[in-house]
Each structure stands twice: as structure tokens, then as C-alpha cells.
Amino acid sequence: MNSSATPQLLHRTARCGELTPADAEARREVILTGWVHHRRDLGQLIFVEIRDFSGTVQAVFDPSHALEAHALAETLRSEFVVGLKGRVVQRESVNPKHPTGSIEIRVDLLEILNPAGQLPFLIDEDVESNEELRLRYRYLDLRRPRLQQVLRTRHRLSAATRKAMDDLGFNEIETPILTKSTPEGARDYLVPSRIQEGGFYALPQSPQLFKQLLMVAGFEKYYQFARCFRDEDLRADRQPEFTQIDVEMSFATPEDVYEVVESIVAGMFREIGVTIELPLPRMAYAESMDRFGVDRPDTRFGLELKDLGAAAEGTGFRVFDGALEKDDGTVRGIAVPGAGDASRKVLDRWTDWAKSAGAGGLVWIKIADDGKISSPALKVLGEDGCRAAAAAAGAGNGDAALVVADSRSVCNRVLGVLRLKVAEERELIPEGKWNLLWIEKFPLFEWDEKDQRWYSMHHPFTAPRGEDLPKLADSPGEVLSDAYDIVLNGTEIGGGSIRIHNQEIQSQVFDALSISKEEADSKFGFLLRALASGAPPHGGIALGFDRICAMLTGSESIRDVIAFPKTTRAACLMTGSPSKVDSAQLRELHIDLAPGTKE
RNA sequence: GGAGCCGUGGUGUAGUUGGUUAACAUAUCGGACUGUCACUCCGAAGAUCGCGGGUUCAAGUCCCGUCGGCUCCGCCA
């Protein structure tokens with residue numbers, strides 16, 4: 001075990017997973033390097049599966065063939081790093097479960113390049129250790145074939161995208177990571193300046209302003225795999241730092257952006273062997289809210305939201321009448337096919353879901369296969385009334401209708417949530433479908449009750465649609481924008497807009513957002529000056545690359561498609577960041593910790 | 001900020017109404033084995049049950065607090 005000496009068997013001549021029966025036919029002599037995956041010691045014969053990035057292959061040590069190599073093989077343990085030399089031969093007993101199961105390496109020479117101690121968990125597909133441990137020893141977790149496969153796919157998706165963008169004439173241009181804090185949006189990660197006392201950089205939430213300035217500069221077609229940072233609480237699909245495919249084009253309409261994005265996305269799907277039909281369907285925001293209750297509809301299945309309309313009017317049912325009397329009040333519902341025999345327990349659970357989504361309650365109407373109706377509203381509505389209401393929701397014999405009476409926005413929100421959860425629970429979402437579509441014609445602003453002001457739905461640089469410009473001052477709530485989202489199976493995978501290229505309109509939008517001239521000037525003065533210096537009409541999009549990778553690799557969480565992810569408390573368990581720094585470092589940055597800060 | 005689930009030898013789990021030696025598998029160490037493939041067989045070692053406090057004659061188990069991981073709500077233009 002002379003692992004300190006200069007290794008002899010370092011330069012392999014083949015890769016484990018790529019050896020074939022033809023190599024055995026030729027009795028090819030190879031040098032392999034890799035890790036000990038499994039070891040099966042039969043006393044005389046020793047079988048060792050060697051693993052490298054390409055896969056595994058079995059090596060056999062036979063004392064009658066190579067005594068020294070066999071003796072050394074007795075000392076091998078899991079995850080030792082070895083080099084070996086031998087001939088590829090046919091196996092005496094074939095293992096059909098294994099890609100290289102018909103061949104093996106008859107080893108002449110073995111060299112231990114580096115031994116390994118006992119590892120915190122097994123590098124085996126089916127043994128799941130807990131996530132905390134896997135994150136602490138991420139480099140071991142990443143040895144697993146599954147994660148290697150995922151990151152390899154991620155690489156192929158980015159390589160395909162870079163190739164496509166180059167072919168389309170886009171330039172990849174990097175933008176600063178140390179930049180300026182901007183109001184609105186997410187919390188910024190801040191970086192203190194040593195040189196400028198009391199000054200802070202912010203890490204970019206996105207390269208939004210820089211890419212617009214590149215358009216002003218005349219680059220016309222820009223893209224970038226941009227790292228973005230947002231200091232908000234984490235989720236399975238949210239990390240504090242993540243990657244966007246950031247795109248911006250001059251002299252562009254939404255159509256131009258759609259065309260580019262569709263070719264990128266179709267190219268990524270091609271990498272996983274899926275053909276996407278182009279052009280993608282489009283849907284107005286208003287229609288999506290009306291039919292699905294959300295702005296990112298999952299169109300793989302039905303259960304669409306319906307107005308109960310006449311069936312709910314004048315029934316004397318207090319729940320319905322109460323809602324209909326209100327401004328904007330309505331009665332809406334969904335039909336759950338095959339739920340006509342749902343148990344009380346199930347209906348109670350659905351009611352709880354509706355309540356936690358903001359509904360006062362949930363009216364359910366079950367119709368058994370034989371047409372028998374049960375519902376809490378049966379007494380008031382009668383058989384015919386219930387049947388009419390259920391029919392309006394789209395439910396017939398054997399189905400259930402779930403009905404919510406409230407303001408239109410509450411109905412949509414509640415039913416939108418219910419539709420997804422019920423469909424998931426009842427397994428009504430078909431596997432293997434990839435439903436992509438564009439959502440467009442978003443409102444420019446949304447009203448915030450708490451702050452009593454308008455906020456940008458997308459961001460403050462989104463262009464209002466031309467025909468809505470006159471409404472900007474007086475009825476901002478009615479202004480639609482040239483913003484668009486691309487949605488895959490109910491997940492938003494990207495969003496963008498045509499930008500404001502005119503300083504006057506940009507100022508009007510800041511007015512509507514109650515951003516004062518002074519604030520606009522101090523935060524975005526450079527942008528306003530740029531817009532007044534010959535800015536071309538322009539627009540673009542940002543695609544959530546991590547989410548796309550997660551969906552295309554069937555990963556539950558984007559942690560799986562990020563090599564070194566952070567926990568839900570935004571920590572890296574492997575390096576132990578964030579961590580304390582010594583007081584000299586803080587002094588240099590002109591920072592005092594607040595009294596009471598935990599040491 | 002809030003809610004839920006989880007934390008037991010290196011690892012994955014079991015552990016009843018609180019009851020005396022904390023069980024099983026795997027990995028580790030030693031032994032046997034020439035066609036295994038999650039090799040098999042025999043033996044050994046390995047745990048103050050995340051941490052702190054409390055109730056009790058007695059706590060892995062009950063209570064309170066705390067730390068960590070995950071999921072969700074708020075939040076994420």
C-alpha cells in the first residue's frame with residue numbers, strides 16, 4: 001500500500017462503463033482508474049466492482065493468475081481509489097441486470113491510489129440517509145450515480161442553450177455581482193464596503209437594469225447564465241442564490257421573445273428526448289384566472305372553475321345570497337369526476353383546505369352513480385336545485401361539485417388551490433405530459449391593501465400596453481402590460497416583458513407607484529438618463545434554470561440540481577457558512593454588531 | 001414570524017400502557033469460502049436515545065425549553 005509513492009497506474013486507457021463485449025472478444029488490455037464500488041471476497045476469487053464517472057465494471061482477482069494483485073485486493077475496502085491493469089474477458093456467469101454484466105477485467109496489476117476510511121453513509125442508490133448528513137458530506141452525496149446524472153443533464157441543458165443562443169446571434173455578457181440595492185422586490189443580500197465607510201453593495205436580485213443598459217449601449221441581443229440572489233425564506237423550489245437564463249433583445253416585440261425562448265426550451269427538451277410542438281399556446285392572464293384560479297395554470301387535467309350563475313341566484317340559500325349581494329360577489333365551483341362517493345372524512349379535509357386558502361366554507365354536492373344527491377345544501381336547494389348547481393360546475397352522476405361563494409378573487413384563489421390538491425390526491429394528473437404555454441396581458445399593477453398603494457406586478461420597468469397609456473394616471477388598475485410568463489405543468493419557469501424605453505413613461509410609472517422624483521433619481525437616475533439618450537425599444541425574459549433542470553430530471557427539489565445547495569435556514573452545512581468573523585474584520589468594514597447579537 | 005413532520009451504535013430503522021441487559025439490518029473488525037454480483041456462513045466490537053431542564057421510586061418513552069433537517073403559510077417586483 002504505497003499510496004505516497006508516484007502512482008504507476010494513473011493514466012487509464014478506457015472507462016469502466018464504456019467497455020463492451022467487443023473489448024472482451026479482442027481480449028483488450030486496459031488500465032482503469034476509479035473507486036471500489038462493491039467488493040465480494042470469496043477467499044480465493046475476489047470480485048470488485050470499479051466505478052468511474054462512466055459507470056461500473058467488474059474486476060476479478062485470481063491468485064492463480066496474479067498472486068500479488070490478489071493479495072493486495074484482500075485489503076481493498078469501499079471507496080478506495082485504485083488503478084488497475086488487465087484484460088477484458090467474457091464472464092463465466094453473466095449478470096443480465098448490469099450494463100457491463102457480460103464482461104469483466106482479469107486483473108494483472110493493482111495499485112491503491114488512495115485508501116478511504118469509513119464513510120458517514122453508503123454510496124449506494126437505494127440507501128437514503130437523512131438530508132442533513134447528505135448536505136454535510138455533499139461531496140459524497142454527489143458520488144451517487146443519481147446526482148451525477150442530474151448534474152450531467154444540467155450541463156447538457158446549459159450547453160444546448162449556449163449553442164442555440166450563439167447560433168441566434170446572442171452575445172453572452174457578464175454583469176456585476178457587487179451592485180446597487182434597489183427598492184421593491186425581495187430583500188437584498190448586502191456587502192459592506194471597506195473603502196467607502198458606511199457604504200454597501202447589494203448582490204443582484206437579477207441583472208435587470210444592466211441588461212437594459214446593454215440595449216441602450218447597442219448590443220441588441222444579450223443573454224447570460226446569471227447568478228441571482230434574494231434574501232427570502234426558502235422552499236423546495238427556492239434557494240438564496242439561483243441561476244437564470246437572462247435574455248434581452250432590442251427592437252423586439254413579445255413575438256420576437258417568444259420565438260427565441262421557444263427555440264431554447266424546445267432545444268432543452270430535445271436533450272431529454274422530448275419533442276415540443278411549436279408555437280406554444282397562449283392564454284390571457286384574465287382567462288387563466290377565470291378558468292384555473294391561478295396565473296400559472298396546470299393544463300394537464302380538467303377540473304376547471306365554472307360560474308354557477310343562474311343556478312345560484314334566488315335560491316334562498318343564505319351562503320349563495322350573501323355572496324351575491326356583495327360587490328364582486330360570485331358563486332363558483334369545480335367538478336371532481338368520480339368523487340360522488342367521497343367519504344365524510346375526505347370532504348372534511350377538502351373543506352379544511354378551502355378554509356385555509358381563505359374561504360368561509362365549502363359547499364359540496366355529491367351525486368351518486370344512481371343520481372342520488374347528498375349535500376349540506378340539499379334541504380334549501382332541493383334535489384333539482386342541487387342538480388342544477390352541480391351541473392353548472394360540470395358534475396354529473398358519480399361526480400362531486402365543490403362550490404365556493406365569495407368575492408371573485410377569493411373564489412378563484414380557493415378553487416385554484418383546491419383544484420390542484422384534489423387532483424393530486426385523486427391522481428387525476430397524467431404522468432409524462434409536458435404542457436407549456438404563455439400567459440400574457442398581465443395587469444401592470446396590483447393594489448396592496450396593507451400599504452394602500454400600487455405595486456408593479458412584474459417590475460417597475462415593464463411597459464404598459466400602448467392602448468392603455470391614457471389610463472395610467474387615472475385608473476392604473478385597468479392598465480395591462482406587455483409582460484408574459486412561460487408556464488410548464490403549473491410551474492412558472494420564466495417571465496419577462498417589453499420594457500419602457502421612454503423616460504416620460506418611466507416617470508409616469510414611478511408616479512403611479514408613489515416613487516418620488518428624488519427617490520427615482522437617487523435609485524434609478526442612471527437608468528432615466530440612459531432612456532433619454534437614445535434607448536431602443538427592447539424587451540426580454542429570464543428563465544428559472546434551476547427549476548427547469550429540476551422538472552426535466554424529475555427532481556422534487558431544486559437542491560438536487562445544484563451542486564452545493566443551502567438548507568431552509570440558508571446555511572451551507574458542508575462549509576459551515578454563514579459564520580462569525582473576527583472583530584478586526586468587522587472593524588475594517590466599519591461594522592458594529594447590534595447589542596444582544598448572539599455570539 | 002407561524003404550523004406540521006423528523007432527530008435512537010458509522011448508516012437506515014424498531015422500541016406497546018413509563019419498568020430494570022435499548023432490538024434488527026447494514027457498514028466496521030476477526031475467521032471460513034474459486035464464479036460472486038446487495039456473495040454466503042461463523043464470531044466480535046460498537047449507543048450516556050440531538051441538547052438542557054422538569055415530573056416520577058423509575059424517562060428513548062410523559063411535560064417544558066432549545067438546536068438542527070425537511071414540508072407548507074406569510075414572504076419571494
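Lettering follows sequence order; numbering is per chain, from 1. Predicted model, so just to flag it, every value in this text is computed and none were measured.
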Please give, in whole Å, the distance from B:G35 P to A:Phe61 CZ? 18 Å
Qualifying residues under side-chain hydrogen bond (donor to acceptor under 3.5 Å, both in side chains), relative to A:Ser555, sequence neighbours excluded: A:Arg146, A:Thr553
Under a 3.5 Å cut-off for both distances, is B:C76 Watson-Crick or wobble paired, and to whom? none
If the P atom of B:G18 is compared with that of B:C57, how far apart are they to the nearest Å? 15 Å
OP1 or OP2 of B:G69 under 4.0 Å from side-chain N/O of A:Arg134: no
Over how many whole Å does the gap from A:Glu492 atom CD to B:C76 atom P extend? 14 Å
Please give the distance between the C1' atoms of B:U48 and B:U21 as a whole number of Å. 15 Å
Roughly how far apart, to the nearest Å, are B:U36 and B:C41 at atom P? 15 Å
Between P of B:C37 and CG of A:Asn95, the distance in whole Å: 9 Å
If I pick the P atom on B:G46 and the same atom on B:G7, what distance separates them, to the nearest angstrom? 25 Å
Check if the side chain of A:Gln58 and the base of B:U36 share a donor-acceptor pair of N or O atoms closer than 3.5 Å. yes
If you look at every strand shown and take non-hydrogen atoms under 4.0 Å, does A:Asp41 touch a base, only sugar-phosphate, or nothing? base
Closest to side chain of A:Ala571, choosing from B:G69, B:U34, B:G10: B:G69
Taking any heavy-atom pair under 4.0 Å as a contact, classify A:Val417: base, sugar-phosphate, or nothing. nothing
A:Gln239 versus A:Asp546, side-chain donor and acceptor atoms under 3.5 Å: no
Scan A:Ser356 against the nucleic acid and name what it touches under 4.0 Å (heavy atoms): base, sugar-phosphate only, or nothing. nothing
Whole-Å gap separating P (B:C37) and CG (A:Leu45): 13 Å
Please give, in whole Å, the distance from B:G10 C1' to A:Glu132 CD? 15 Å
Between B:U26 and B:G9, how far apart are the two C1' atoms, rounded to whole Å? 12 Å
Starting at the 5' end of RNA chain B and moving along, which residue's nearest nucleotide shows up first, A:Leu573 or A:Phe461? A:Leu573
May I ask you to say what A:Phe47 touches in the nucleic acid, namely base, sugar-phosphate or nothing, with a heavy-atom cut-off under 4.0 Å? base
Using both distances under 3.5 Å as the test, list the Watson-Crick or G-U wobble partner of B:C70, or none. B:G4
Comparing A:His98 and A:Gln118 on RNA chain B - which has the more 5′ nearest nucleotide: A:Gln118
Whole angstrom is fine here: how far is it from CG in A:Leu122 over to C1' in B:U13? 14 Å
Taking atom CD1 of A:Ile515 and atom CZ of A:Arg453, what is their separation to the nearest 0.5 Å? 6.0 Å
In this structure, how many angstroms lie between the P atom of B:G74 and the CG atom of A:Asp448, rounded? 14 Å
For the pair A:Lys471 and A:Asp468, find out whether any cationic side-chain nitrogen is under 4.0 Å from an anionic carboxylate oxygen. yes
Pair A:Gln58-A:Thr100, side-chain donor/acceptor within less than 3.5 Å: no
Is a donor-acceptor pair below 3.5 Å formed from side chain A:Arg39 to base B:C39, judging by atom type as modelled? no
Using Watson-Crick or G-U wobble geometry with both distances under 3.5 Å, which nucleotide pairs with B:G65? B:C51
For A:Phe121 and B:U11, are the ring centres under 5.5 Å apart with planes inclined under 30°? no
Every protein N/O lying under 3.5 Å from an N/O of nucleotides 70-73 of chain B:
residue, atom, partner, partner atom, Å
B:C70, OP1, A:Thr568, N, 3.4
B:C70, OP2, A:Thr568, N, 2.7
B:C70, OP2, A:Thr568, OG1, 2.4
B:C70, O3', A:Arg559, NH2, 3.0
B:U71, OP1, A:Arg559, NH1, 3.3
B:U71, OP1, A:Arg559, NH2, 3.0
B:U71, OP2, A:Arg559, NH1, 3.4
B:C72, OP2, A:Ala236, N, 3.3
B:C73, OP2, A:Arg235, NE, 3.0

With a 4.0 Å cut-off on N to O distance, would you call A:Arg547 and A:Glu492 a salt bridge? no
Side-chain contact, heavy-atom cut-off 4.5 Å: A:Leu19 with A:Arg28? yes
Does A:Arg230 contact B:C76 through a side-chain donor or acceptor facing the base, at a distance under 3.5 Å? no
As its Watson-Crick or G-U partner within any shown strand, both distances under 3.5 Å, B:C37 has none
With P as the reference atom in both, quote the distance from B:A47 to B:G65 in angstrom, rounded to an integer. 32 Å
Please check the phosphate of B:C6 (OP1 and OP2 only) for any side-chain N or O of A:Asn130 closer than 4.0 Å. no
Between the base of B:C33 and the side chain of A:Arg40, is there a donor-acceptor distance below 3.5 Å? no
Do A:Glu104 and B:G35 share a donor-acceptor pair, side chain to base, under 3.5 Å? yes
Side chain to side chain contact (heavy atoms under 4.5 Å, CB included) partner of A:Phe47, chosen from A:Arg40, A:His38, A:Arg39: A:Arg40
Would you check if there is a donor-acceptor pair between the side chains of A:Ser497 and A:Arg499 at a distance under 3.5 Å? yes
For atom P, what is the distance between B:C64 and B:A3, given to the nearest Å? 13 Å
Mind checking if A:Arg453 touches a base, just sugar-phosphate, or nothing, with heavy atoms under 4.0 Å? nothing
Report the distance from atom CD1 of A:Ile50 to atom P of B:C37, rounded to the nearest whole Å. 18 Å
What are the two closest heavy atoms between A:Val422 and A:Trp353, and how far apart are they? N-CZ3, 3.9 Å
Re B:A44: Watson-Crick or G-U wobble partner, both distances kept under 3.5 Å, found to be B:U28
Of the candidates B:G30, B:C76, B:C37, the side chain of A:Arg77 sits closest to B:G30
Under the 3.5 angstrom rule, does the side chain of A:Ser407 hit a backbone N or O of A:Val410 as a donor-acceptor pair? yes
What interatomic distance, in whole Å, is found between C1' of B:C62 and the corresponding atom of B:G19? 14 Å
